[in-house]
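Below, chains carry the letters A, B, ... as their sequence lines are ordered, and counting in each starts from 1. Just so you know, these numbers use all the heavy atoms, side chains as well, and skip hydrogens, waters and symmetry mates.
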Number of protein chains: 2
Amino acid sequence: MDVRALATLRAVRTQGGVTAAAEVLHLTPSAVSQQLATLGREAGVALTERVGRGLRLTSAGNALADAAGDVAVAIERARAACDVFLGSPVGVVDVSAFQSGAQLLLPGLLTRVARLGGITVRCTDEDVAQDDFAALTDRVDIVVAHRPDGGAEWTDAGRGLRVVPLLREPLDVAVGVGHPLAGRDDVRAADLVDQDWIAVREGFPVARVLAAVAAASGSTPRVAHRINDFSVAEALVAAGHGISLLPRHTAGRSAGVRLVPLTGVRAGRRVDALLRPDRAERLVVRTVLDELVALAGEIDRG
Amino acid sequence: MDVRALATLRAVRTQGGVTAAAEVLHLTPSAVSQQLATLGREAGVALTERVGRGLRLTSAGNALADAAGDVAVAIERARAACDVFLGSPVGVVDVSAFQSGAQLLLPGLLTRVARLGGITVRCTDEDVAQDDFAALTDRVDIVVAHRPDGGAEWTDAGRGLRVVPLLREPLDVAVGVGHPLAGRDDVRAADLVDQDWIAVREGFPVARVLAAVAAASGSTPRVAHRINDFSVAEALVAAGHGISLLPRHTAGRSAGVRLVPLTGVRAGRRVDALLRPDRAERLVVRTVLDELVALAGEIDRG
DNA sequence: GTCGTGGATGTAGCGTCGCTTCATGGACGT
DNA sequence: ACGTCCATGAAGCGACGCTACATCCACGAC
């Protein structure tokens with residue numbers, strides 16, 4: 001029962017295939033395949049079964065992968081047990097965030113962590129669909145993700161995902177300064193029919209919020225553009241090419257845009273930190289996470 | 001954080017040294033030493049410190065060894081997770097027992113387990129002092145041990161020892177058929193002053209029971225011989241060389257001996273099964289243990 | 001139908017890592 | 001002071017797991 005092989009099995013499940021697993025493990029598909037073979041030989045039962053040109057875990061494979069999660073946690077706990085004797089935690093933590101979250105949180109996080117000394121934070125910005133956030137936890141330690149407030153939870157492919165709430169951000173209606181609604185203190189769903197919308201791509205986190213807002217006024221939104229990057233969307237709004245739903249703390253920095261609060265409908269997004277349970281045991285990771293939570297709390301309050 | 005190195009660290013703690021650990025792990029002391037060195041390098045802190053010509057774990061080493069126990073458990077759980085898909089458990093289980101316990105339990109255990117099919121039980125008889133029973137759990141899967149009833153618990157050197165009670169056996173006074181007490185239905189402590197005793201060696205499980213019995217009559221026992229093997233002791237009793245305290249179910253088989261119950265003092269021994277927690281996760285081990293418990297229950301009742 | 005692609009799996013070969021063997025150096029007891 | 005016990009270092013060897021390459025199968029395109 002090699003621990004590395006157990007980790008490989010988990011990766012095959014979460015990534016959905018040998019090649020993808022090999023990717024996150026920095027191995028060749030052949031190595032992954034060989035590890036699965038030897039593991040299955042040891043176990044005495046088939047752990048995987050072919051389906052089409054890919055494969056999936058058998059029930060035995062799933063059971064073993066579940067147990068493998070606990071093994072990984074136990075090992076990281078062991079490492080952490082040493083680290084407490086090592087003074088303040090030291091090391092490198094990989095953080096991934098979607099663009100607007102990165103813009104909102106990463107600068108502050110880096111300065112906060114820099115004050116502690118000895119911890120290196122490596123940032124990546126990732127733009128993925130709602131269902132793909134969890135898979136990122138195989139690549140980095142902390143994933144900053146967002147989802148519609150009140151919407152679906154995170155899809156966790158048997159990973160025991162740790163979800164740490166960071167903040168809730170209202171979604172305001174962004175209009176150009178020349179727009180008829182620009183002077184309003186607030187707007188209702190009914191005020192928003194017959195507008196050109198700048199929305200995000202289908203399947204991406206706040207896509208469904210717009211549909212919900214429109215549904216409140218009994219209409220379907222007219223989508224002129226699909227732009228995932230909020231700052232690009234904001235530029236389009238400023239230029240008068242449509243209106244958009246933008247997060248309050250992140251958007252509204254450019255002069256040509258007004259953010260008008262939306263009343264009568266609950267529109268917002270939740271920003272969460274996602275971690276794989278074994279990674280969550282690492283002391284450096286916990287430290288960085290604590291800073292992230294504290295920072296988000298400050299933003300959330302004021 | 002190699003799992004084998006973690007297991008080695010645990011063995012060094014429980015066995016109290018590099019050489020002894022190497023023994024139970026079937027390695028050379030050099031290999032153990034090298035594993036500790038690399039583990040300490042990874043951990044970044046010293047895990048061991050020299051004391052005299054041996055060594056002991058530092059506090060960091062102890063913390064890591066504790067965590068290593070959980071790692072071992074998690075891994076065995078993973079193995080067990082596969083075994084449930086494998087039909088009835090198969091494999092080999094090593095059992096160790098002290099002589100009289102072995103005589104009482106092992107024959108029945110072997111026939112019971114043989115009925116299940118596919119499980120090989122390897123038996124060993126071990127005669128060790130009270131404090132050394134726990135250390136045997138590094139060598140075999142199940143240790144059948146005994147201790148004075150009401151006496152000290154098992155000394156567990158940070159091993160998280162699993163203790164499974166098997167049975168309680170009263171200690172009777174064994175006398176030769178020609179002895180004045182042979183006709184009695186029971187005896188009291190006061191009847192036993194000024195007798196030649198056949199006791200067990202100092203530090204061995206039921207040694208203190210005799211002292212307790214004597215104390216009840218306000219005297220100190222006169223020990224003529226120190227014999228650890230109860231059947232040898234019984235032969236001496238039969239030949240009239242003294243009297244002894246012998247377990248009721250185990251002794252009294254030879255014609256020249258009478259077992260007379262002792263009243264007014266609570267004299268007995270408890271027989272327990274001792275397991276290392278990781279070993280206790282193995283499905284075969286659990287199966288054999290269940291049979292052992294059932295068998296002991298039968299003996300205890302009738 | 002054929003062809004091309006994507007993905008999993010075998011085989012050969014090589015590097016690396018951990019073991020054993022042997023030698024060294026302290027610490028304790030006689 | 002010597003011998004013994006125990007942990008540790010250096011050299012060498014074997015084994016294991018990886019990469020690279022080839023093969024095979026399933027699916028989709030034309």
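B:T38 comes within contact range of no nucleotide atom at all, as no heavy-atom separation falls under 4.0 Å. Within 4.0 Å (heavy atoms only), A:Q34 reaches at least one base atom of the nucleic acid.
Contact check on B:E49 versus B:R56 returns a salt bridge, with a Lys/Arg side-chain nitrogen under 4.0 Å from an Asp/Glu carboxylate oxygen. For the pair B:R147 and B:E153, the salt-bridge criterion is met [side-chain N within less than 4.0 Å of a carboxylate O]. Salt bridge status for A:R139 with A:E126: absent, with no side-chain N to carboxylate O gap under 4.0 Å. Ionic pairing of B:D70 and A:R77 is not present here: no N-O contact between side-chain nitrogen and carboxylate oxygen is shorter than 4.0 angstrom.
For the pair B:L39 CG and C:dC17 P, the interatomic distance rounds to 16 Å; values are reported in whole Å. Taking atom CG on A:L47 and atom P on C:dA8, their separation rounds to 16 Å, with Å as the unit. Rounded to whole angstrom, the span from the CZ atom of B:R53 across to the P atom of C:dG25 amounts to 18 Å. Residue A:Q35 contributes atom CD, which lies 15 Å from atom P of C:dG10 at whole-angstrom precision. Counting to the nearest Å, the C1' atom of C:dG18 and the NE2 atom of B:H26 are 18 Å from each other. As a whole-Å value, the separation of A:D2 CG from D:dA15 P is 19 Å. For B:L55 and C:dC28, the CG to C1' distance is 16 Å, given to the nearest whole Å. For B:E23 and D:dA7, the CD to P distance is 12 Å, given to the nearest whole Å.
Heavy atoms of other residues, nucleotides or ligands lying less than 6.0 angstrom from CZ of A:R122 number 12 at most.
Proximity note for A:R4 (side chain, C-beta onward) versus D:dC18, D:dA7, C:dA8: the nearest is D:dC18.
Nearest-nucleotide positions on DNA chain D place B:V18 closer to the 5' end than the other of A:L27 and B:V18. Comparing A:R50 and A:T28 by the nucleotide of DNA chain D that holds the closest heavy atom to each, the one mapping nearer the 5' end is A:T28.
Between C:dT20 and B:S30, no contact under 4.0 Å exists linking OP1 or OP2 to a side-chain N or O.
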